[in-house]
Structure formats: C-alpha cells, structure tokens
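Encoded as structure tokens, the structure appears first; notes follow it.
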Amino acid sequence: KIKDTYTVNITKSNGCKGSGSIDATIALGGCTVLSTSILDFTLQKQGTGVLLQWISPVTVDNDHYDIERSAEGNTWQGIGAVKAQQGSGNITYKFTDALPIHGTNYYRLKQVDINGRSSYSQVRKVEFTGLWAIKQYPNPASDYLILEFNNDKEEKAFITIQTASGSTVFAKEQTLAKGFNRLKLNQVQPLAQGTYFITLSTASNLYHAKFVKGEK
C-alpha cells in the first residue's frame, strides 16, 4: 500500500469544476483508494492527559471515528470512539486520552462510514515522561486505596482524586520519603460508587490511573 497526499479534480454533472487535496492509501494490485476527509489532526498535552482534536467536513456516509493508540507505532489499541455529527460545513471533533502511557504515545484516527468502509488519518505522536511505576490496590476499592512505590529523594507531592467528569473530590499535599513509600488513602469510603482517577505528582514525576469505587 502507498500512503500519500493526492490532488483531486472534480467535475459535477452541471459542469462546475473544483480541485483539492486528500490523504489516501492506495492498495497496489486492487487499486483501491481509501480516502480520508480529516482536514486537521493535532495533539495537545492537557495536565496528565492528551487532547486529540481534528476537523472534518460533514458527509452523509460518515458514521464515527475510532481513536487508536500505540506505544511503538505498529501495534494499535482502540481507546475510544466519537460519533460523527450532522450539519453543514466543517466540524471540529475532540477526544481526551485521560491515561496516556509512559514514553511515546502514537495516535491515529479510523474514519468509519455507515457501509463499513474505513480509512486512517496520519499518525501523530506525543511524549509523556516523568511517569513512574506505582503499585495500586485494591481495585475495586471500598474503604481505602494503597499506593506503593520507590522514590529517589525526599520531596513534596500532591495527590488528587477526580470523578470521571473531572471534578476534584479530594486533594492533599504529601511528603514522600527517599526509598520505599506506602500511602494509604482512607478517603475512598465516602465516595459514591463509580469510576475515579487518582493523580500523584511531584516536580519531576507523575502517576495517573483510574480505580473503581465498589460496594462495601
């Protein structure tokens, strides 16, 4: 397959003519062209997450966009989907990856038509460094949450717990010890059942993960 940008000349039945550029993948042999109408695809770090934003013109055949992520640019994992909108002109779409992986995050969009045909956007990437490995348990949690990890120095850290919609329900400054740390958070008990995100951050490190508040 060959992926490139092509110039297209179009002539309507009434004689009107126009031209433009599209990104397309051509499958050699079958000469199948998978065109994508994604005009602009960008990534932006937002706190501990990544905001994906793209622009696409309205088409009656467009059903939805699958968002895919990869750690090395070869093996892809679906992390969400956005339904295509109806209207006129160009439409801006947004999706937030709340849990990017440590290191390089590759992203691409899969545009899916109502008839099942699909095409891919260009690949974009963003670096997330400073994330460090933390053992978090239990999950689901009912009364408390424990974080176990090693830190290279004594320093101040900030802990937050947020709802899936982004509302902060707990925030605390914490002094970390050099070496092994075991933090027990008893603030889980009063929370309503559902999905939450916990963030532990210092000046140089970042941990961000989700957990489920279950029944007692």
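Just so it is clear, the structure is predicted and the values come from calculations on it, not from any experiment.
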Return yes if some donor-acceptor pair links the side-chain N/O of Asp97 with the main-chain N/O of Phe95 below 3.5 Å, else return no. no

From CD (Gln77) to OG1 (Thr75), nearest 0.5 Å: 10.5 Å

Please find the pair of heavy atoms, one from Ser142 and one from Glu215, that lie closest to each other, and give the distance. CB-O, 3.3 Å

From Asp40 atom CG to Gln122 atom CD, the distance as rounded to the nearest 0.5 Å: 10.0 Å

Mind listing the closest non-hydrogen atom pair of Pro190 and Asn186 along with its distance? CD-O, 4.3 Å

Smallest separation among heavy atoms of Pro138 and Leu145, with atom names: O-CD1, 3.3 Å

Does Gln53 form a side-chain hydrogen bond (donor to acceptor under 3.5 Å, both in side chains) with Thr42? I'd like the steps, not just the answer. CA-CA 5 Å; Gln53 184 169 294; Thr42 61; 4.9 Å; no

I need the minimum non-hydrogen distance between Val82 and Lys94, along with the two atoms involved. CG2-O, 4.0 Å

Mind telling me whether Tyr93 and Trp54 have parallel, tilted or perpendicular rings, with 30° and 60° as the class edges? parallel

Please check this pair: side chain of Lys45 against backbone of Glu127, looking for a donor-acceptor N/O pair closer than 3.5 Å. yes

side-chain contact (heavy atoms from CB on, under 4.5 Å) evaluation trace for Asn151 with Asn205: CA-CA 9 Å; Asn151 205 46; Asn205 284 319; 3.8 Å; yes

With a 4.5 Å cut-off on side-chain heavy-atom distances among I, L, V, M, F, W and Y, is there a chain of contacts connecting Tyr137 to Leu191? no

Under 3.5 Å: donor-acceptor pair, side chain of Asp113, backbone of Asn115: no

Let me see the working for Trp76 and Val123 under side-chain contact (heavy atoms from CB on, under 4.5 Å), right down to the final yes or no. CA-CA 11 Å; Trp76 296 89; Val123 175; 3.8 Å; yes

Do Phe149 and Tyr144 sit in the same hydrophobic cluster, where Ile, Leu, Val, Met, Phe, Trp and Tyr count as joined when their side-chain heavy atoms come under 4.5 Å apart? no

Could you report the tightest heavy-atom contact between Gln136 and Ala209, atom names first, then the distance? OE1-CB, 3.6 Å

Here's one to test your reading of the geometry: is the NZ or CZ of Arg108 within 45 degrees of the ring axis of Tyr120 and under 6.0 Å from its centre? yes

Can you tell me if Arg124 uses its side chain to pair, donor with acceptor, with the backbone of Phe41 under 3.5 Å? yes

Which of these, Thr160, Val188, Leu147, Ile134, sits in a side-chain contact (heavy atoms from CB on, under 4.5 Å) with Ile198? Leu147

Interatomic spacing from OG in Ser201 to CD1 in Ile159 - rounded to 0.5 Å: 9.0 Å

So, taking the atom named CG in Leu52 and the one named CD1 in Ile79, what distance separates them when rounded to the nearest 0.5 Å? 6.5 Å

Determine which pairs satisfy salt bridge (charged side-chain N to carboxylate O under 4.0 Å, His left out) with at least one residue from residues 156-184, sequence neighbours left out, and list them in order. Glu148-Arg182

Pair Val50, Asn105 - check side-chain contact (heavy atoms from CB on, under 4.5 Å), show working. CA-CA 9 Å; Val50 178; Asn105 291 257; 5.6 Å; no

What do the steps show when you test Tyr65 against Ser121 for side-chain hydrogen bond (donor to acceptor under 3.5 Å, both in side chains), and what is the final call? CA-CA 10 Å; Tyr65 298 90; Ser121 71; over 6 Å; no

Between the CD1 atom in Ile91 and the CD1 atom in Ile55, the distance rounded to the nearest 0.5 Å is 11.0 Å

Provide the closest heavy-atom pair for Ser56 versus Asn62 in the form atom of the first, atom of the second, distance. OG-ND2, 4.4 Å

Determine, using the 4.5 Å side-chain heavy-atom cutoff (strictly less than), whether Leu51 and Leu39 are members of one ILVMFWY cluster. no

Parallel, tilted or perpendicular: which describes the rings of Tyr196 and Phe211, with under 30° parallel and over 60° perpendicular? parallel

Whether the side chain of Asp66 engages the backbone of Val112 through a donor-acceptor N/O pair (distance < 3.5 Å, no angle test) should be reported. no

Under a 4.5 Å cut-off applied to non-hydrogen side-chain atoms, are Leu109 and Ile38 in contact? yes

Would you say CD of Glu72 has more than 12 non-hydrogen atoms from neighbouring residues, nucleotides or ligands within 6.0 angstrom? yes

Could you tell me whether Lys210 atom NZ has more than 12 heavy atoms of other residues or ligands within 6.0 Å of it? no

Straight-line distance of Ile161 CD1 to Leu185 CG, nearest 0.5 Å: 5.5 Å

Going through the distances and angles, do Phe158 and Thr199 end up as a side-chain contact (heavy atoms from CB on, under 4.5 Å)? CA-CA 8 Å; Phe158 197 67; Thr199 301; over 6 Å; no

